[in-house]
Amino acid sequence: MTSDRRSAPASGSAAWRRLARALRPRVTKAHLTAGLLCLVLGFGAATQVKQVGKADFSKLRQDELVEVLDQLDARASRLEAENLALERERDRLESDQTSQQAAAEAARQRVEVQGILAGTIAARGPGISLTVRDPDRKLTAAAAYLLVDELRNAGAEAISVGPVRVVAATYFKDCAAGGCVIVDGVELAPPYDWLAIGDPSTLETALGIPGGALAAVRTQGGSSTIVAEDDVAITAIRILAPPSYATAIE
Amino acid sequence: MIALLGLIAGVALGMATQTDVPAFLVPYLPIAVVAALDALAGAARALLDGLFDDRVFVVSFFSNVLVAALLVFIGDQLGVGSQLSTAVLVVLGIRIFSNAASIRRKLFSA
C-alpha cells in the first residue's frame, strides 16, 4: 500500500508541483499502468452502478433472500388475518342490519295494530256509515252507549261519532239542556254521524236486530240510516297521554 | 493525465456496453470497486508525497480487491456475508477518508 508509506511533510508548493508534473501528459510505464488500472476501476464502477439500477433479486445473497421471503410470508399472514377479521365484521354487520330491519318492521306493525285499537291513528277499511236523526231531541246518552255496545259486539274495530274517536275509555253523558250528548267532553248535537270499520253486513245486521240499538233509537223518537261502504275512513283520533303511574310488567 | 483519461474511458466503456455481471461475482463487485477506490486514493496521496511507485500501486490495487473479495467470500461461507461486507466497507471508507484528508493537508496545508 502506497498510502502506508511515511514521508517527510511536504510543503504545499512541493505537493502542487508534483501534482502538476503528474498531470503533464507523458507516456511512461508508470502512467500507462496507472491509466490501465483506472480504466479497470472505472469500468467496474460503471458496471456496478448499472447493476444496482436493475434492482432485482438476483444479486441478493441467500440469507437476504430468505429474509425477504420471511417478510413476505409474515406480511401475507398478517393480511390474511386482517382479511378474516374484516370479513367477520362485515358478516356481523350484515346480520345486525337484517335483524334490525326485522325488528323495525315488527315494531311498525305493532304500532299500527295498537294505534288502531287505541284510536291514536286514523284508520280505513270496509264498514258502515250510520246517521241517527233526532228531530224531537229526545235521544239519551244511554241510547248512544247501547249503539257503541252493539257495534263492538258485532266486531267493529274502529268507531267514531262526529269528531270523536270512540275508544275503551269513551264516556257518554246527557247534556244539561237535554237532547244532546256529551262524548268525551265534546258536546254533540243531532244528527249524529257514526262511522264504524268492520264487516259491513255483520254490523248492519247487528244494529238492525229487533230490540237492538236502533230499535231503542226508534223507541225514543229518532230515526236512522245505515249505509254499508267498502271504504270508510275514520280520521278522528284520540290523543293519549303517556301513563304517569303504570309501567309495563315484563 | 493518462490515469484520469483511463478512468473516464473506463466509465464510458462500462456505461456504453451492456455488461452482465456473472452471478458468482455479483456480491463481490461493489466491495471490489470500493477497495480499488481505496487503492486509488492511496496512490494519489503517495503521488503528492513524491513516493508514487507504479509497482506498488499495481500490487496494492489487486491485493485490496482480492482481500476485500476474499473477506466477503469467507463471510458468505460463514453465514455473516452481509455483516462482513458492511465491516469491509466501513474500514475502506475510513481509509479513503483519511487518505483524502492527507491529500487535502498536502495541497492546502489545512
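Below, chain A is the first sequence line, B the second, and so on; all start at residue 1.
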Item checked: Atom pair CG (B/L51) and CZ (A/R18), whose distance is rounded to the nearest 0.5 Å -> 7.5 Å
Item checked: Criterion side-chain contact (heavy atoms from CB on, under 4.5 Å) on A/L37 and B/F57, from CA distance to verdict -> CA-CA 9 Å; A/L37 288 187; B/F57 180 40; 3.8 Å; yes
Note to self: A quick test of your reading: do over 12 heavy atoms of other residues, nucleotides or ligands sit less than 6.0 Å from CG of A/D230?
What the structure shows: no
Next item on the list: Let me know if B/V58 has heavy atoms under 4.5 Å from chain A in its side chain, its backbone, both or neither.
Entry: both
Checklist line | chain A interface, residue from B/I8, B/D54, B/D76, B/L13 that has the most non-hydrogen pairs under 4.5 Å | finding: B/D54
Item checked: Trace of the side-chain contact (heavy atoms from CB on, under 4.5 Å) decision for A/L41 with B/V33 -> CA-CA 6 Å; A/L41 170 59; B/V33 167; 4.3 Å; yes
Checklist line | Which atoms of B/L37 approach chain A - backbone, side chain, both or neither, heavy atom under 4.5 Å | finding: both
Item checked: Contact class of B/T17 relative to chain A, heavy atoms under 4.5 angstrom -> both
Note to self: If I measure from the heavy atoms of chain A, does B/V72 come under 4.5 Å with its side chain, its backbone, both, or neither?
What the structure shows: side chain
Next item on the list: Taking atom CZ of A/R124 as the centre, report whether more than 12 heavy atoms of other residues, nucleotides or ligands fall under 6.0 Å from it.
Entry: no
Checklist line | Neighbour count above 12 (heavy atom, 6.0 Å) for A/E80 CD | finding: no
Checklist line | Structural part of B/L29 lying under 4.5 Å from a heavy atom of chain A | finding: both
Note to self: With chain A as the partner, which of B/S102, B/S98, B/A9, B/S82 has the greatest number of non-hydrogen pairs under 4.5 Å?
What the structure shows: B/S82
Notebook entry, point to check: So which heavy atom on B/F52 is nearest to which on A/A34, and how close?
Noted result: CZ-CB, 4.4 Å
